[in-house]
Amino acid sequence: MTAPVVELRGIGRTYEGPPEVVALRPCDLVIARGERVSVVGPSGSGKSTWLNLVGLLDRPTTGDYLLDGVNTAELPDSARTELRSRRIGFVFQSFHLLAHRSAVENVMLGLLYQGGKRAHRRSTAMAVLDRVGLTACAESAAGVLSGGERQRVAIARALVAEPSLLLCDEPTGNLDSGSAERVLDLIDGVHRDGQTVVIVTHDEHVAAAAPRRVVIRDGLVCG
Ligand SMILES: Nc1ncnc2c1ncn2[C@@H]1O[C@H](COP(=O)(O)OP(=O)(O)OP(=O)(O)O)[C@@H](O)[C@H]1O
Ligand SMILES: [Mg+2]
């Protein structure tokens, strides 16, 4: 049997302060391969804290986190960075693209850890841009694209290295409703193709699209 993508064993995070803040109380949670999960909760409940731990952007103050069965608690920072680059694709509310680089160059950045020939990285990036419906925009600077197009480029960049986990933080937060719908359809499609997806969101419509919901309240994770 293969290991779950995410296995949290009693992980918690306290910010030292002062004042000390218990942002996440120790929690156990398993996310299996191919699941789609939404993470919801009121402002200040601990969603970003949780996302930063699961995304290997921060270390827990207690507990163990296994990503694809690898215990990340035991790894030095360099190995955690490599694991993050290879196994986690991030999509943020504000896209985080390089505005003066073309769409395809932005997607190629997702392959930096893979190395290999530039021509090969370029053709891989073009294939993923095609999957998100943006072949025609490949050579356009990211800065001239619409919000919805930018987010689809960001999704292509997140997927190009074939991560174990697609981790989205309010992916539709900066989009008009039409573009948001298109981005959600795209996420739907990659999930149907087998991608494990976690979406942190305030938006009930976005949350409702996922079959499983994790609720965080006052640092307590349920679900
Ligand atoms: N670096 C930090 N140092 C100290 N306290 C922090 C830090 N980051 C977050 N906190 C506190 O931890 C708690 C959880 O914050 P967190 O940012 O995880 O909430 P959130 O659910 O993401 O909120 P929002 O929906 O507003 O983004 C809050 O009380 C917050 O003030
Ligand atoms: Mg937050």
Side-chain angles (χ1 to χ4, degrees), residues 5-31 35-67 72-73 75-77 80-81 83-85 87-97 147-148 150-151 154-155 157-158 163-177 179-181 183-184 186-187 191 196-223:
V5 176
V6 170
E7 185 172 358
L8 308 180
R9 295 183 181 161
I11 74 161
R13 178 71 163 99
T14 298
Y15 296 109
E16 268 179 23
E20 187 180 275
V21 178
V22 181
L24 206 62
R25 294 189 243 174
C27 82
D28 295 323
L29 190 82
V30 171
I31 299 174
E35 271 201 277
R36 175 173 173 182
V37 179
S38 61
V39 177
V40 296
S43 184
S45 59
K47 298 183 301 298
S48 293
T49 301
W50 185 89
L51 182 102
N52 289 341
L53 295 178
V54 172
L56 293 175
L57 296 165
D58 188 20
R59 285 181 184 269
T61 37
T62 181
D64 283 330
Y65 169 24
L66 283 72
L67 174 63
T72 64
L75 300 176
D77 284 345
R80 284 165 59 89
T81 300
L83 198 64
R84 181 171 70 233
S85 305
R87 307 220 189 177
I88 301 178
F90 290 95
V91 175
F92 300 101
Q93 177 169 354
S94 48
F95 323 129
H96 292 198
L97 299 177
R150 282 184 222 189
Q151 195 59 303
I155 290 172
R157 180 187 54 191
S164 300
L165 179 63
L166 180 65
L167 203 46
C168 309
D169 190 6
E170 298 284 3
T172 60
N174 278 351
L175 303 179
D176 63 84
S177 59
S179 300
E181 230 22 78
V183 161
L184 279 182
L186 181 57
I187 291 173
H191 171 243
T196 311
V197 180
V198 170
I199 303 184
V200 175
T201 184
H202 279 103
D203 185 329
E204 183 50 39
H205 176 63
V206 174
R212 179 176 172 200
R213 177 186 298 235
V214 169
V215 181
I216 306 183
R217 230 178 239 111
D218 291 335
L220 200 61
V221 179
C222 309

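Positions are given from 1 along the sequence. Both ligands and their constituent atoms are indexed starting at 1 by order of listing.
- Side-chain contact between Asn174 and Gln151 is absent, with no heavy-atom pair separated by less than 4.5 Å.
- The option with the heavy atom closest to atom 24 (P) of ligand 1, from among Ser43, Pro42, Pro18, is Ser43.
- Within 4.0 Å of atom 30 (C) of ligand 1, not a single protein heavy atom is present.
- Looking at Arg84, its side chain does come within 3.5 Å of a backbone N or O of Leu56 through a donor-acceptor pair.
- More than 12 non-hydrogen atoms from other residues, nucleotides or ligands lie less than 6.0 angstrom from NE2 of His202.
- With hydrogens left out, the protein atom closest to atom 12 (O) of ligand 1 is Ala23 CB, 3.5 Å, a heavy atom.
- Among Asp169, Thr49, Val22, Leu53, the residue whose heavy atom lies nearest to atom 16 (P) of ligand 1 is Thr49.
- In terms of protein heavy-atom proximity, atom 9 (C) of ligand 1 is nearest to Tyr15 CE1, 3.4 Å.
- Around CZ of Arg212, the count of heavy atoms belonging to other residues, nucleotides or ligands within 6.0 Å exceeds 12.
- Counting atoms of ligand 1 from 1 in the listed order, those under 4.0 Å from a heavy atom of Ser48 are 17 (O), 18 (O), 20 (P), 22 (O), 27 (O).
- Looking at Val21 next to ligand 1, no N or O pair under 3.5 Å apart turns up.
- Residues Gly89 and Pro163 share a closest heavy-atom pair of N-CB, 3.5 Å.
- Nearest heavy atom pair, residue Leu24 against residue Gly46, reads CD1-O, 4.0 Å.
- Taking only nitrogen or oxygen atoms, main chain and side chain alike, Gly44 reaches within less than 3.5 Å of ligand 1.
- Heavy-atom proximity to His202, at under 4.0 Å, picks out these atoms of ligand 1: 25 (O).
- Between the Mg ion (ligand 2) and Ser43 there is no N/O/S contact shorter than 2.8 Å.
- Side-chain N or O atoms of Thr61 include one that pairs as donor or acceptor with a backbone N or O of Thr14 at under 3.5 Å.
- Taking a 6.0 Å sphere around CG of Asp218, one finds it holds 12 or fewer heavy atoms contributed by other residues, nucleotides or ligands.
- Not a single heavy atom of Gly41 lies less than 4.0 angstrom from ligand 1.
- Of the listed options Lys47, Arg217, Glu16, Lys47 places a heavy atom closest to atom 25 (O) of ligand 1.
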